Amino acid sequence: MMLAVRLHAVGERPRLDEVPVPEPGPGEVRVAVRACGICGSDVHLLHGVTPTGPLPLTLGHEPSGVVDDPGDSAWAAGARVAIAAGYGCGECAACLADRENVCPRLVIPGIDRDGAQAAYVVVPARALVALPDTVDFATGAILTDAVATPFHAIRRSGIEAGGTAVVYGLGGLGLHAVAILKQVVGARVIGVDPLPAARERALAFGADEVVDSSEPARAVRAMTGGGADCAYEFVGNAAVTDQAVKSLRGGGTCTVVGVTPQPLHLGLPQALLVAGELRLQGSFGCSRAELAELVGLVAGGRLDLTGTITHRYALADFDAGLRTLETKDGDPIRVVVEQ
Ligand SMILES: [Zn+2]
Ligand SMILES: [Zn+2]
């Protein structure tokens with residue numbers, strides 16, 4: 001038997017249950033979990049914003065650990081691994097093009113099936129990415145989602161060194177975006193957030209300039225002499241997406257990562273979208289190749305994420321970690337459960 005953090009009903013606090021240790025099926029691997037991030041998506045699950053698989057369900061979709069039972073895979077027992085936040089069917093056109101994140105049969109452990117806020121988790125062998133000794137387990141865990149998600153969005157945007165990027169929403173995802181844009185891409189970065197503390201933190205993470213959110217698009221256009229090359233929306237608010245699009249120069253691209261059920265409503269004339277050849281695109285999760293690349297960037301010292309994990313909890317204290325994220329007490333960036 002093992003301990004697992006289980007959601008029994010939407011709106012109820014998750015419970016620490018004793019459940020059987022899961023057995024790997026064909027093509028699957030059992031991983032002994034060493035670290036697993038708690039994320040805004042866990043809060044959404046708790047409050048019914050995001051639908052889940054059948055309940056009760058073990059939470060946790062941002063894990064790293066050590067291969068415990070390799071099953072029929074080529075992985076060695078004891079191998080250090082990060083686990084991709086989701087995996088596709090492995091057979092459809094999206095999966096064959098390394099775009100499992102948009103597979104119509106995408107499965108996210110911790111949302112669609114039992115996840116990794118437990119001593120062990122079982123996932124398909126192809127969901128694993130090797131984690132070098134130089135990357136600690138907590139960092140490996142947050143790479144899988146909290147860092148990989150902005151990394152994929154930045155890749156999709158096509159921004160280049162010297163380009164100007166504006167990041168809307170300077171929470172966990174937005175701060176990681178700032179770090180990647182500065183350290184990996186070499187872009188000029190403008191951060192936007194209504195909270196002064198969040199703007200201060202973005203400057204500490206390398207943002208070149210920050211603006212508050214009263215009329216950010218106008219401010220960004222003035223600061224950049226016409227608009228940014230790329231804008232990113234990490235808030236999950238249709239009004240912010242509208243501002244993000246309006247902060248672009250001609251030929252610019254807006255990439256939306258924040259999730260909300262609100263309908264998109266752009267307040268700019270359609271003629272401006274056409275004449276400016278603006279692009280508006282969504283971005284979700286990341287590819288397996290991108291996660292492996294990201295692990296390599298951190299292992300090779302190209303991306304320093306020191307300071308983004310602000311809170312660490314034991315598995316038994318999961319609920320305290322979740323509350324930290326809900327209340328924002330202590331200004332959490334990333335909250336990680338360690339075992
Ligand atoms: Zn997440
Ligand atoms: Zn697929």
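First listed ligand is number 1; within each ligand, the first listed atom is number 1. Computation of the quantities below employed the complete heavy-atom set of this structure, encompassing side-chain atoms and omitting hydrogens, waters and symmetry-equivalent molecules. For clarity, every value in this text was computed on a predicted model and none was experimentally measured.
Here the side chains of Met223 and Thr164 are not in contact, with every heavy-atom distance at 4.5 Å or above.
Distances from the Zn ion (ligand 1) to each N, O or S atom of His61 single out NE2 as the nearest.
To the nearest 0.5 Å, atoms CZ (Arg13) and CZ (Phe318) are separated by 8.5 Å. In this structure, CG on Leu303 lies 5.0 Å from CD on Gln183, to the nearest 0.5 angstrom. Annotation: the span from Leu7 atom CG to Asp114 atom CG amounts to 11.0 Å, rounded to 0.5 Å.
Residue side and main chain included, Asp145 places an N/O/S atom under 2.8 Å of the Zn ion (ligand 1).
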With salt bridge (Lys or Arg N to Asp or Glu O under 4.0 Å) as the criterion, how do Arg199 and Asp193 come out once you've worked through the C-alpha distance, each side chain's angles and the decisive distance to 0.1 Å? CA-CA 6 Å; Arg199 296 199 297 273; Asp193 200 287; 5.9 Å; no
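Residue-environment remark: CZ (Arg99) stays at or below the threshold of 12 foreign heavy atoms within 6.0 Å. The number of heavy atoms from other shown groups lying within 6.0 Å of OH (Tyr313) is above 12.
Excluding water, every protein N/O/S atom under 2.8 Å from the Zn ion (ligand 2) is given here by residue and atom: Cys89 SG, Cys92 SG, Cys95 SG, Cys103 SG.
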